[in-house]
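This report refers to the structure that appears directly beneath it.
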Amino acid sequence: MNELKQQHQNAKEQATFFMKNGQINDYFKALLEINRYKRLMVAVVAN
């Protein structure tokens, strides 16, 4: 779980970086990655 939290945080930081630099495609990819880690964390908690 801690590893998922760290990966989620890293993806959030990358998304912020891409947003500030105007890299829209990379920003959207980072948002999808954030969503994936969020769903994985929910699944781990549910089990």
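Just so you know, residue 1 is the first one in the sequence shown, and it goes up from there.
Within the 4.5 Å cutoff, no side-chain heavy atoms of Q14 are placed close to those of N10.
A distance of 13.5 Å separates CG in D26 from CE in M19, rounded to the nearest 0.5 Å. In this structure, the separation between CE on M41 and CG on N2 is 11.0 Å, given to the nearest 0.5 Å. Remark: K12 NZ to Q9 CD distance equals 5.0 Å, nearest 0.5 Å.
Taken together through direct or relayed side-chain contacts under 4.5 Å among Ile, Leu, Val, Met, Phe, Trp and Tyr, I24 and F17 form part of one hydrophobic cluster.
Across all their heavy atoms, K38 and H8 have their closest contact at N-CD2, 4.1 Å. Residue L4 comes nearest to Y37 through the heavy atom pair CD2-CD2, 4.1 Å, listed as atom of the first residue, atom of the second, then distance. When all heavy atoms of V45 and M1 are compared, the pair lying nearest together is CG2-CE, 3.7 Å.
Legend: residues meeting side-chain contact (heavy atoms from CB on, under 4.5 Å) with N35, ordered by chain and number and at least two apart, are R39.
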